[in-house]
Amino acid sequence: MYLFLIPLISSCANRPTESTPLPLPSSLFTPCSIPDYDVVCYTDYPGYVASLMGVIEKCNSQLLGIKRASDSISKTAGE
């Protein structure tokens, strides 16, 4: 009854599928700004170190996001 559909289904099986990677979010490429060094006395230093650690963590998370995206693109390209 539906034998006329068989050639249509088999013709799609030979067509190679192309996948294009999605662009990476621009938030991964925003520069990490270093906080101003406004330490006047020794008691200000721990706060400055804490703000530096926050910037480093932000940059590390951006790099991790880029690495994950790169790994997923290379996995897709390898298939």
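Residue numbers count from 1 along this sequence.
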Distance from Gln62 atom CD to Ile66 atom CD1, nearest 0.5 Å?
7.0 Å

Under 3.5 Å, which donor-acceptor pairs link side chains of residues 48-60 to any protein atom two or more places apart or in another chain?
from	atom 1	to	atom 2	distance (Å)
Ser51	OG	Gly47	O	3.4
Ser51	OG	Tyr48	O	2.7
Asn60	ND2	Ile56	O	3.4

Under 3.5 Å, side-chain donor or acceptor atoms of residues 31-43 against the rest of the protein: list the pairs with distances, not counting sequence neighbours.
none

